[in-house]
Amino acid sequence: MMLLRTCLLLLCFLVGAVTRGAADDGYRLWLKYDLIRDAGPRRQYQQVAQFISVGGQSATLKAAAEELQTGLQGLLGQSVPVLSDAKGRKGGIVLQVDAAAADKAGLGPDGYRIYADKQNLIITGRRDVAVLYGAFALLRHVTTRQPLSGLSISSVPKIRHRLLNHWDNPNGTVERGYAGSSIWKWYELPEVVDPRYRDYARANASVGINGAVLNNVNASPRLLTAEYLPKVAAVAGVLRPYGIRVYLSVFWAAPKVLGGLPTADPLDPQVQQWWKAKTDEIYRIIPDFGGFLVKANSEGEPGPQDYGRHHADGANMLATALGTHDGLVMWRAFVYKADPKGDRFKAASEEFLPLDGKFQPKVLVQVKNGPIDFQAREPFHPLFGAMPRTPLMLEVQLTQEYLGFATHAVYLAPLIKECLDSDTYAQGKGSTVARVVDGSVDKHSVSGMAGVANIGADRNWTGHPIGQANWYAFGRLAWDHALDSKAIAAEWARQTLTTDPAAVQTIADLLQQTRSIYVRYTTPLGLHHIMGEGIHYGPQPWLERSARPDWTAIYYHRADSVGLGFDRTAKGSNALALYKPEVQNLWGNAQTIAPDYLLWFHHVPWRQRLSTGRTLWDELCTRYYSGADSVRWLQRQWAAVQPSVDPALHADVAARLQTQHKEALWWRDACVLYFQTYARRPLPAPLAPPTRTLAEVQRLVDIYQLR
Ligand code: BDP
């Protein structure tokens with residue numbers, strides 16, 4: 001009797017667990033493939049998914065077929081056999097490489113086409129990997145419940161090299177990573193190959209990412225050693241079927257540290273020989289190695305300038321070492337010498353503009369979206385459009401170093417789009433950053449976009465569940481920068497969070513607002529670089545002293561009894577002159593500049609009336625307060641979708657939003673109280689003054705600065 005009861009109880013528990021479903025831990029990202037519960041649409045998809053036929057044996061085609069099989073079986077609840085030949089059968093999906101047809105259709109190496117012929121659904125492209133992209137596109141199509149009848153889609157990426165940059169260290173830590181330790185387990189490799197690498201590759205391929213720089217730009221020489229290269233090769237082996245090439249960040253002084261040479265001078269024949277031999281060694285082990293990423297003479301890293309050479313000497317030396325190997329040198333333009341009298345805004349332009357036309361064809365110069373450093377809002381980097389003879393890669397940051405770590409919900413597609421859509425006027429109106437980067441403005445055949453990864457070993461990959469949307473959106477925008485950021489948000493939410501259309505809409509709406517809300521409660525009106533020293537978390541606008549003047553906050557906001565903001569007009573640093581006249585007109589006049597950019601370019605009197613009708617001081621306070629209030633709005637919106645989202649996942653985001661609100665108040669109070677010491681004015685009605693003192697907020701910030 002007792003036994004029977006125990007068995008019954010156990011049975012009830014198991015049935016309960018199965019019907020409830022396991023809590024969603026976020027591991028599956030947007031590749032969930034949960035059953036389509038609505039029988040009507042499910043049947044329609046079932047009719048065209050009777051089988052998958054794959055015309056080829058390659059690992060990539062196999063991966064495509066496997067993904068479709070897993071995906072469709074999950075979505076449709078039926079088994080879908082994989083055949084090597086359709087043999088006149090109808091009602092299936094046919095994967096086929098067709099170079100001639102792809103070339104005729106202008107698909108390029110990666111573009112795909114999906115269309116319905118009389119019998120089947122065909123996915124085709126010039127190469128295996130194009131077919132793989134098509135397979136993922138079809139799954140996205142089904143997951144987002146779009147019709148298949150009469151289907152005909154072609155899609156060609158606008159950017160050739162779509163890369164994640166991992167800032168991962170060989171010891172397992174991640175620079176500016178907030179989702180746990182590195183996913184690359186260097187100590188275990190190459191013998192232990194974590195199955196997670198394959199899921200990483202699947203996720204990337206699903207959004208078209210085709211390259212990964214595995215290690216931090218502040219590079220350790222370790223990965224270049226004969227001991228470590230087989231580890232790199234093991235990772236490359238897992239990523240290869242998914243069309244992802246592996247790249248390495250290199251430590252400039254490696255010939256000294258690893259090769260025992262007395263110098264790392266790029267013009268020294270022994271140094272050149274060392275790199276040539278090292279490059280050949282890499283290609284022997286990893287034949288499709290992608291190339292090198294270099295941070296040189298930046299923030300204390302060694303570089304060619306240590307030997308009186310310039311960046312092009314260094315980049316070209318590596319390009320020569322690559323020789324006939326099919327690889328790239330991505331040379332970063334993130335450089336700024338410590339100059340108390342200078343303007344960091346201009347530093348990269350000063351070093352790189354004279355080098356335009358001096359780089360070898362294998363070199364791309366990688367430029368951050370803005371001139372300072374991944375701030376919540378920056379004007380586009382003045383190098384875009386100013387180096388016509390050099391292909392420029394765009395670098396954006398997905399890890400939220402300056403955007404609230406993995407605690408604040410900030411969807412980054414609007415930030416990335418704001419940069420991409422900015423007009424440089426390089427070749428007249430319409431020369432957007434997007435078109436500079438995709439090569440169309442200056443007729444470059446090579447192009448690239450890099451996203452600094454927000455991925456770590458946390459079960460859900462990105463710490464904050466919403467961070468997944470940033471990984472997703474980066475891939476989608478690198479593929480097609482014309483996509484709309486809210487549409488991407490909806491697409492992501494539909495695949496990741498809920499199938500309920502109203503909830504998807506609410507989530508897309510709220511995601512779309514997150515970045516501007518974050519800007520308002522941290523750095524409204526064009527304030528920048530006023531965050532906590534070193535960790536870059538929380539507010540510290542009062543920071544006056546640091547190892548370098550341009551690491552303080554006062555260097556950037558220039559608050560005084562008269563006003564606030566950095567004068568970058570001709571009366572100030574004249575950084576504005578780096579832009580084309582049309583852009584200077586847009587931003588040069590404090591009366592007409594969009595308020596969002598105001599303090600980037602102007603020192604504005606506190607009492608000055610802005611285009612919003614308020615004085616600078618009143619507008620500043622209003623934005624800080626409305627920004628913090630808007631986090632409450634985010635919370636309400638998120639609460640509204642609760643019935644449609646997995647409970648564990650919903651609770652996780654809801655809890656993070658609580659922290660976000662608390663910290664929005666922290667930012668608000670710190671900045672309003674601090675700037676008030678200069679403005680010496682009361683808060684405009686009806687805003688209630690903070691209930692804590694400046695000293696109290698400062699003490700709070702001090703805690704975060706403790707070691
Ligand atoms: C800064 C980060 C630093 C990076 C640097 C870079 O604080 O950790 O090494 O950028 O991009 O934002 O090289």
Side-chain angles (χ1 to χ4, degrees), residues 163-171 173-179 181-182 213-221 247-253 292-303 305 311 314-315 330-338 344-345 347-348 351-352 364-378 381 383 392-406 410 412 415-416 419 448-456 470 474 522-523 528-538 540 543 546-553 555-556 704-705:
L163 268 66
L164 285 184
N165 287 184
H166 289 267
W167 284 0
D168 296 19
N169 299 314
N171 66 3
T173 58
V174 181
E175 173 140 350
R176 313 301 182 183
Y178 314 104
S181 49
S182 173
V213 182
L214 300 185
N215 62 322
N216 192 356
V217 286
N218 300 318
S220 154
Y247 299 70
L248 291 176
S249 294
V250 296
F251 177 62
W252 185 258
F292 301 122
L293 173 63
V294 191
K295 171 175 179 177
N297 294 119
S298 163
E299 299 187 328
E301 293 295 319
Q305 292 175 348
H311 293 289
M330 296 166 298
W331 194 272
R332 294 177 90 228
F334 179 65
V335 296
Y336 57 108
K337 302 240 152 45
R344 177 172 165 188
F345 195 112
E351 287 190 42
F352 277 84
L364 286 143
V365 171
Q366 182 165 311
V367 182
K368 288 188 181 182
N369 57 292
I372 301 298
D373 194 2
F374 297 138
Q375 297 299 292
R377 170 169 277 126
E378 296 203 26
H381 201 300
L383 280 177
L392 301 184
M393 268 179 90
L394 170 65
E395 178 178 320
V396 296
Q397 196 179 42
L398 309 177
T399 186
Q400 292 171 231
E401 174 180 359
Y402 299 97
L403 286 107
F405 292 8
V410 186
L412 295 172
L415 182 159
I416 300 171
C419 173
M449 227 169 114
V452 179
N454 59 349
I455 298 164
N470 294 331
F474 168 75
T522 59
T523 47
H528 49 284
H529 210 289
I530 56 171
M531 68 289 155
E533 183 178 19
I535 62 164
H536 299 170
Y537 196 72
Q540 205 174 2
L543 183 65
S546 186
R548 299 171 48 142
D550 49 9
W551 286 349
T552 67
Y555 175 97
Y556 296 94
Y704 282 81
Q705 301 294 328

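Indexing begins at 1, ligand by ligand and atom by atom, following the structure's order. Quick note: numbers below take in every heavy atom, side chains included, and nothing from hydrogens, waters or symmetry partners.
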Worked check of salt bridge (charged side-chain N to carboxylate O under 4.0 Å, His left out) between E378 and K368: CA-CA 10 Å; E378 296 203 26; K368 288 188 181 182; over 6 Å; no
- prompt: What are the two closest heavy atoms between H166 and L214, and how far apart are they?
  reply: CB-O, 3.5 Å
message: For N171, is there any backbone N or O sitting under 3.5 Å from a side-chain donor or acceptor partner on N169?
response: no
statement: Residues passing the salt bridge (Lys or Arg N to Asp or Glu O under 4.0 Å) test with D550, sequence neighbours excluded, are R548
message: Please check this pair: side chain of S298 against backbone of F334, looking for a donor-acceptor N/O pair closer than 3.5 Å.
response: yes
message: Looking at every heavy atom in both N369 and L415, which two are closest together, and how far apart are they?
response: ND2-CD2, 3.9 Å
Those protein residues which place at least one heavy atom below 4.0 Å from ligand 1: W167, E175, R176, V217, N218, K295, E299, R332, F334, K368, D373, E401, Y402, H536
